[in-house]
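Below is one structure, written out as structure tokens; comments come after it.
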Amino acid sequence: MKITATGTKEKKGVENKNLNSDTSLNFIQNIIEEDLKNNKNQGRVHTRFPPEPNGYLHIGHAKSICLNFGLAKQYNGLCNLRFDDTNPTKEEEEYINSIIEDIHWLGFDWEDRLYYASDYFEQLYKWAIKLIENGKAYIDDQDSEQISEQKGTPTKPGKESPYRKRSIEENLDLFMRMHAGEFPDGSRVLRAKIDMASPNMHLRDPVLYRILHTPHNHTGDKWCIYPMYDFTHGQSDYLEGITHSICTLEFEVHRPLYDWFLDQLINGNYRPQQIEFARLNLSYTVMSKRMLLELVEQGYVTGWNDPRMPTVSGLRRRGYTPESIRNFAEKIGIAKRENIIDVALLEHSVREDLNKKAPRVMAVLNPLKVVITNFPEDKTEELETENNPEDPGMGTRKLPFSREIYIEQEDFMENPSRKYFRLGPGREVRLKSAYIIKCENYIKNEKTGEIIELHCTYDPDTKSGSATSQRKVKGTLHWVSAKHAIRAEVRLYDRLFNDEDPAGKKDRDFKEFLNPDSLKIPDNCLVEPSLKNIKHGDKFQFQRLGYFCVDQDSISDKLVFNRTVTLRNTWAKMNK
RNA sequence: UGCCCGAUGGUGUAACUGGCAACACAUCUGAUUCUGGAUCAGAAGAGUCCAGGUUCGAUCCCUGGUCGGGCAACCA
């Protein structure tokens, strides 16, 4: 009976697995498939990624980029890049360039479809006039304080503006004079005439245009009135032929307004649809632009691309690959519920990718000198070692071995337990790609307790790869040859915050949770000599330590590596 | 206390639109290993927020709650 039940269960699991792999769609894909079935919008799928150029892209944006470009690819459609640049007081060219670079780096391309909402200012202006002519918009002479007072609260209806009943002629005249620059900033706005008592705050006569005598990155000083987001986004989608306008949850309450403008301004059988999904939250970090900006401006990190930042440029500098980020985006899925993804999943994604791609090399972070007493004093032996056991196609290289080497301080213990597989008095270990050595003696600073040096003997019959090397020992250590090794700076990065949700604590500033050990730079790191001619961005696995990449600060006289992520480490886990 | 949205193992996402819950990460075994990595095999872990209802049968449909999130910028 029991056996049957188990057997049934297993069989079912396999069936479901196959089923899932080709029929499991997220809710947006379901909507699209339904639309396609109904030949909605002539069966087109056209998405867009619409960043505001007021900050750097982060991993949350990467999720959205993968979604939008991914959907377009999946359904043989297109995805545009559109800068949502309707507020010249906050937006900068620097951000535009970084955004373009980051999206390309992630592996996506919009061909010739790079747009700016500011491309549509002329059309938007005409549409505003049309609304006025139809009695659906009016000029309000009040300042923002008065308007917001009249707006009411979510539970109390608003009051109508005293200017709401202005004649169409007067509204038109005033709007054109606003456009002509006759009025100072903040003196007047154009508002939609909808419903001041609407339970949806966004429908209480939202502001459409404000006066801003500020030159714009793309339109120069052509305009001194600028449209608001709500009056811009849906119409821009329409102008670009967007079919599925995907945004995050906080815009859900804007959707009725999005639709209201389209209702007023367009007709025909094509219309874009706004769909909202839940933004990404990652544990042990913050994702809001405001907080990231604060970290940058107040010097908690070295910049937007500090390797500890969850920005795309930070992750790139940290050593993440575009593939690993795309795979991550795939794995986290798309839904509408609030979520906090475990950073461990992001870390898993890089390890998975780098495991296949990164050449293995030897580096010692905290060197402990080892003298191989029975190895000839001036001899250097060239040992052959594979570059990546996961991929023999990556070839082999030579490793110099000599009488004095360095191993990791953590790889020796004076009084080790039986579960410790490394070096201790009288113990044997294998040196990776070299010989088995035995610890015969050690020198200790009796005052500090520090181990200064180890004296070992090697067994010449145990050379890696040789016919006589069959002897087995439990532990294998990485090492570098003392006289051949190169000094390097190695930056050991860890998570930026100690708390899983630093931004989610009421009455506590997120900066209180900053991890003081998010960056450690040990003093005397040594790497094997084959690393002499590396390039910025090159990625390696430092054997037994983790994945590292060459930082942009690296020069040939002073190599600099960033730790992307450690290897999984069951030993470290056992000792917690 | 108005409107909108959400609720499935520790985390995230599924479940062919009604047939008693799957996958990934994390966790834990064991095998294997010249990386305490990788790989392989396996285990544990939710009975789907609660209460009613419809139905032969509900994670899925209906009703009412509860809890969480969003909405009051001339920001996006």
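Any value given below was found using the heavy atoms of this structure, including those in side chains, with hydrogens, waters and symmetry copies removed. Everything numeric in this text was worked out from a predicted model, so none of it was measured. Just so we're on the same page: letters track the sequence lines, and every chain starts at 1.
- Considering only the side chain of Arg337(A), A14(B) comes nearest among U11(B), C74(B), A14(B).
- Between the CD1 atom of Ile334(A) and the P atom of G6(B) there is a distance of 16 Å, rounded to whole Å.
- Interatomic distance, Ser148(A) OG to Arg204(A) CZ, rounded to the nearest 0.5 Å: 11.5 Å.
- Defined by atom type and a distance below 3.5 Å, a donor-acceptor pair is present between the side-chain atoms of Tyr125(A) and His179(A).
- For Asn387(A) and Arg360(A), the side-chain atoms include no donor-acceptor pair closer than 3.5 Å.
- When each of C75(B), A72(B), U27(B) is scored by its nearest atom to the side-chain atoms of Met228(A), the top-ranked nucleotide is C75(B).
- Distance from the side chain of Pro199(A) is smallest for C3(B) among the nucleotides A76(B), C3(B), C74(B).
- Distance CG (Leu293(A)) to P (C75(B)): 17 Å, rounded to an integer number of Å.
- Between Tyr138(A) and Tyr163(A), the gap from one ring centroid to the other reaches at least 6.0 Å.
- Rounded to whole angstrom, the span from the NZ atom of Lys336(A) across to the C1' atom of G70(B) amounts to 11 Å.
- Set against C75(B), C5(B), U13(B), the side chain of Glu252(A) has C5(B) as its closest nucleotide.
- In this entry the distance linking CZ of Phe27(A) with C1' of G6(B) reads 11 Å, nearest Å.
- Annotation: A43(B) and U55(B) have their C1' atoms spaced 37 Å apart (nearest Å).
- Among the protein residues, Val207(A) comes within range of the sugar-phosphate backbone only, with heavy atoms under 4.0 Å from sugar or phosphate atoms but none that close to a base.
- In this structure, His218(A) NE2 and Asp119(A) CG are separated by 7.5 Å, a value rounded to the nearest 0.5 Å.
- Side chains of Glu276(A) and Gln274(A): a donor on one and an acceptor on the other come within 3.5 Å.
- Cation-pi contact between Arg188(A) and Phe183(A): present, with separation from the ring centre below 6.0 Å and deviation from the ring axis of at most 45°.
- Within 4.0 Å of Lys156(A), counting heavy atoms only, lies no atom of the nucleic acid at all.
- Along RNA chain B, the nucleotide nearest Ile147(A) and the nucleotide nearest Glu250(A) are compared for position; the residue whose nucleotide lies closer to the 5' end is Glu250(A).
- Aromatic rings of Phe548(A) and Phe540(A) (six-membered ring for Trp) have centroids beyond the 6.0 Å cut-off, not under it.
- Here the P atom of nucleotide A7(B) and the CG atom of Leu249(A) are 11 Å apart, to the nearest Å.
- In this structure, the side chains of Phe542(A) and Phe561(A) come closer than 4.5 Å at one or more pairs of heavy atoms.
- Contacts of Ile340(A) with the nucleic acid, taken as non-hydrogen atoms under 4.0 Å apart, involve only primed sugar atoms and P, OP1 or OP2.
- Counting non-hydrogen atoms under 4.0 angstrom, Asp143(A) reaches a base of the nucleic acid.
- Comparing atom distances between the Ala344(A) side chain and each of A26(B), C74(B), G12(B) picks out A26(B) as nearest.
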### Summary
Protein-proximity profile, nucleotides 35-41 of chain B, B/S/- by nucleotide at the 4.0 Å heavy-atom cutoff, equals BBBS---
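- No hydrogens or angles considered: nothing links the side chains of Tyr435(A) and Asp461(A) as a donor-acceptor pair under 3.5 Å.
- Between Thr86(A) and His348(A), the residue anchored closer to the 5' end of RNA chain B is His348(A), taking for each the nucleotide with the nearest heavy atom.
- Between C25(B) and C62(B), the two C1' atoms lie 36 Å apart (nearest whole Å).
- Here, U8(B) and U48(B) have their P atoms 12 Å apart, quoted to the whole Å.
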### Query
What would the secondary structure line of RNA chain B be in dot-bracket form, counting Watson-Crick and G-U wobble pairs under 3.5 Å, with [ ] for pairs that cross earlier ones and | for pairs with another strand?
.((((((..((((.....[..)))).(((((.......))))).....(((((..]....))))))))))).....
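- The ring of His348(A) has its center no closer than 6.0 angstrom to the ring center of Phe328(A).
- Within 4.0 Å of Ile436(A), counting heavy atoms only, lies no atom of the nucleic acid at all.
- Listed nucleotides: C74(B), A76(B), G70(B). Nearest to the side chain of Lys151(A): C74(B).
- Expressed to the nearest 0.5 Å, how far CE of Met178(A) lies from CH2 of Trp223(A) amounts to 11.0 Å.
- At the heavy-atom level, Phe251(A) lies under 4.0 Å from base atoms of the strands shown.
- When the P atom of C23(B) is taken as reference, atom CG of Asn327(A) falls 20 Å away, rounded to whole Å.
- The Thr155(A) side chain lies nearest to U1(B) when the options are G6(B), U1(B), G12(B).
- With its glycosidic angle more than 90° from 0, G42(B) is assigned anti.
- As judged by a 4.0 angstrom heavy-atom cut-off over every strand, Glu34(A) is placed among residues making no nucleic acid contact.
- Rounded to whole Å, atom C1' of C74(B) lies 15 Å from atom NE2 of His202(A).
- Per the geometry, CD belonging to Glu338(A) stands 12 Å off P belonging to G6(B), to the nearest Å.
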